[in-house]
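See structure below.
Per chain, numbering begins at 1; letters A, B, ... match sequence-line order.
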Amino acid sequence: MGEITVNLPDGSQKTIAEGATGADLAKSIAQGLFKKAVGLQINGETRDLYTPLTNGDNVKILKAEDADSVELLRHSTAHVMAQAVQKIFPDAKIAIGPTIEDGFYYDFEIPGHTLSTDDLSRIEAEMTAIANSNQTIERYVIPDVDNQLAEFKTQGEKFKAELLQEHRDHTPTLYLMKDKDGKTIWNDLCRGPHLPNTGVIKNFKLLKVSGSYWRGDEKKEHLQRIYATAFWTKDDLNAYLLRLEEAEKRDHRKLSKDLDLFSTHEEVGPGLVFWHPNLATVRNIIEDYWRAEHRKRGYDFVFTPHIASEELYKISGHLDSYGENMYSAMDIDGQPYRAKPMNCPGHIMIYKSKLRSYRDLPVRFAELGTVYRYERSGVLHGMLRVRGFTQDDSHIFCTPEQLESEINGILDLIDALMSTFGYTYKAYLATRPADSKLGTDEEWAFATNALENAMKERKLAYEVDEGGGAFYAPKIDIKLFDAIGREWQGPTVQVDLNLPTRFDVNYIGQDGNRHKVIMVHRAVLGSMERFCGGLIEHYAGVFPLWLAPTQVAIMPIADRHADRCHEIAKQLKAQDIRVHVDERSETLNYRIREAQVQQIPYMLVIGDNEVTSGQVSVRQRRIEGSKVMGLDDLTKQLKSEIESKQS
RNA sequence: GCCCAUGUAGCUUAGCGGUAGAGCACCCCCUUGGUAAGGGGGAGGUCACGAGUUCGAUUCUCGUCAUGGGCUCCA
């Protein structure tokens, strides 16, 4: 019997018997290591602990409580859950049960029973019993696929049969779960890897039930999904559950009720948002800032109608390719008209209203354009997914030579806006989808290179999302990360290879001939609804001073101080500072508390001392205690803080 | 659209086959207070909407609407 040598993470080498598994390796190093070992990383890939090693492998033994091994834990916990479900519902058929970010799910078909949250605790109890019985989990290469197929079919496991049929040439494996007598009590077609046994599965939680479809296809079997998660330690699990709670506290729909931000109404219809004065104030300030940043960068502002003859959307092709998201036609003087789903055709109309010379280019049209799109009722969500919304939309018309520098300018604008709001971001270059038949290879290459070169020039790190582009355009997609690290859909930049042709959008070149224009779509904030909804969560309702709906609350201690409060309010208002005098006959404590709860950044308390001295007593929302200062000094401080747009 | 859950006063909610109670908010009165809830009183609900079962429905059944979770992460 020969020997092999494997490399360990610390750089050392270990010689073991040929055919030895990771478990043997662990034992040969230390019995304690073997006890803790739950899996392996061989040449960077996570594998079962009992995988036979080969000469020269780089092997890391994964221990319980290693961050790298938590996927093993979750995947195996998914099997324990599936086993528990089949024990409770013997007719249940199992579909797939992958790990996902922060957890896992498993899909089932359960004839005659629909899962509810009440079932989750029952299933959890059964899972605990299974985990505690310390079943071993063994990889088993299916020796005879047809035989196994027949067995799945006998068992009614049609989903597993379908999967096995598909993977029959890829060395399909079962994972067997065996009791302490070595008897197989459950198996799952699975590629693994898995833990060696269930005994280490202790900290898991079933989170929610939902519907799903076999292979994500609405036309196929309807399945029931259970979402769950598992961690190595109780602390990690609790920390995760706490994080979910934190996110819930930031929910813009909840904060909207506390801070009086927006509403929707049954009488009006779902997905249509009403902006209350507080949030409208925030939006107006953002829009003013947005306009100022665009003006600096040479954009021209335009407005376009909310409805248009269907003819327009026939030319643009939206009726064909986007018709499902458009509202049905309304009859105007016998002609069909549509609510606007996109701003681009309108901007093209303005561009085409006269002949354009290359000397006029680039032309940059920007509009806070309100559009209406049909979204399926089940996907609507607060302000984040709605049916009527305002895009910060812009279209740039330029020559091929100008494209790269235009994209560069857009990236600069994106960076300015996103950093002001305190978002970090990550860029993706989305390239031509495999099934896109539109445009020539040369056009795609040209547009894609321009996007890529602009990012390189700015030293903006990016990843390539192969085939992730729109059918008509390669694009740069930017993902935002908010204050608690959650990801949001952010700005997008697209080089359109479709509309300039459809609308015959051109310019007269230096040579006196007509040339097809290059058209770039871009949105930075996305939609005002989604952006502001996200911003509420990002700031947890604590808007920085420059955005705060009310910036200063002024409170008289007693009625006799009210006049002085109004004088102060008048002076601050003259400086464009948003103030509110709270002269209700409530106690000072009460009014302070309310201002705190409302996240008003500055509170001024005016009593006998202040009236006499002409000064103000200033309290800040996140600072205990107060300090007395002159009104002019305070005004200067406020103006500079507003100017800086700091959080 | 599909699956599951939910819908009681502006908000948060209790309740249940015999037509509803609370806290906060609101209004009034007392209190004129020095930095996160002073006290008392009052008003406010066709129990989402529609139908059915029943002597009787907010409660049970069905339908509709809305809201929430999910329907992408592929043995």
Residue-phosphate contact under 4.0 Å: [X] side-chain N/O, [N] OP1/OP2:
| X | N | result |
| --- | --- | --- |
| A:Arg591 | B:G38 | no |
| A:Arg584 | B:C26 | yes |
| A:Arg253 | B:G68 | yes |
| A:Lys208 | B:G70 | yes |
| A:His381 | B:G69 | yes |
| A:Tyr140 | B:A75 | no |
| A:Arg619 | B:A36 | yes |
| A:Tyr105 | B:G70 | no |
| A:Ser212 | B:G70 | no |
| A:Lys257 | B:U12 | yes |

Open item on the list: Using a distance-only criterion (donor-acceptor N/O pair, under 3.5 Å, no hydrogens), is the base of B:G34 paired with the side chain of A:Glu610?
Closed with: yes
Open item on the list: Let's test your reading of the model: under 3.5 Å, does the base of B:U31 pair with the side chain of A:Thr587 as donor and acceptor?
Closed with: no
Task: Nearest-angstrom distance, P atom, B:C29 to B:A66 - done: 44 Å
Task: Span that lies between the C1' atom of B:A25 and that of B:G10, in whole angstrom - done: 7 Å
Tell me which nucleotide among [options] gets nearest to the side chain of [X].
| X | options | value |
| --- | --- | --- |
| A:Tyr590 | B:G38, B:A36, B:C74 | B:G38 |
| A:Arg376 | B:C65, B:U31, B:G1 | B:G1 |
| A:Arg225 | B:G38, B:G1, B:C73 | B:C73 |
| A:Arg593 | B:A36, B:G70, B:G38 | B:A36 |
| A:Asn589 | B:C73, B:C74, B:A37 | B:A37 |
| A:Arg191 | B:U12, B:C65, B:C74 | B:C74 |
| A:Asp608 | B:A75, B:U67, B:G34 | B:G34 |

- [ ] Provide the Watson-Crick or G-U wobble partner of B:G56, both distances under 3.5 Å; none if there is no partner.
- [x] none
Task: Closest-nucleotide ordering on RNA chain B, the 5'-leading residue of A:Asp258 and A:Glu586 - done: A:Asp258
Task: Of A:Asn609 and A:Leu189, the one whose closest RNA chain B nucleotide lies more 5' - done: A:Asn609
Open item on the list: I'd like to know if the side chain of A:Tyr602 pairs up with that of A:Glu641 as donor and acceptor (distance under 3.5 Å, no hydrogens or angles considered).
Closed with: yes
Open item on the list: Would you say the ring centers of A:His276 and A:Phe262 fall short of 6.0 Å from each other?
Closed with: no
Open item on the list: Taking the basic N atoms (NZ, or NE/NH1/NH2) and the acidic carboxylate oxygens, is any pair closer than 4.0 Å for A:Glu162 and A:Arg215?
Closed with: yes
Expressed in angstrom and rounded to an integer, what is the separation of [X] atom [atom1] from [N] atom [atom2]?
| X | N | atom1 | atom2 | answer |
| --- | --- | --- | --- | --- |
| A:Leu380 | B:C65 | CG | C1' | 14 Å |
| A:Tyr106 | B:C71 | OH | P | 18 Å |
| A:Gln224 | B:C4 | CD | P | 8 Å |
| A:Leu163 | B:C74 | CG | C1' | 9 Å |
| A:Asp107 | B:C74 | CG | P | 12 Å |
| A:Gln598 | B:C24 | CD | C1' | 13 Å |

TODO: Indicate yes or no for a side-chain donor-acceptor contact from A:Thr281 to the backbone of A:Pro549 under 3.5 Å, with no hydrogens or angles considered.
DONE: no
Open item on the list: Regarding A:Asp559, tell me which of base, sugar-phosphate or nothing describes its non-hydrogen contacts under 4.0 Å with the strands shown.
Closed with: base
Task: Within 6.0 angstrom of A:Gln489 CD, more than 12 heavy atoms from elsewhere - done: no
- [ ] Kindly assign one of parallel, tilted or perpendicular to the pair A:His79 and A:His194, based on the angle between their ring planes and the thresholds 30° and 60°.
- [x] tilted
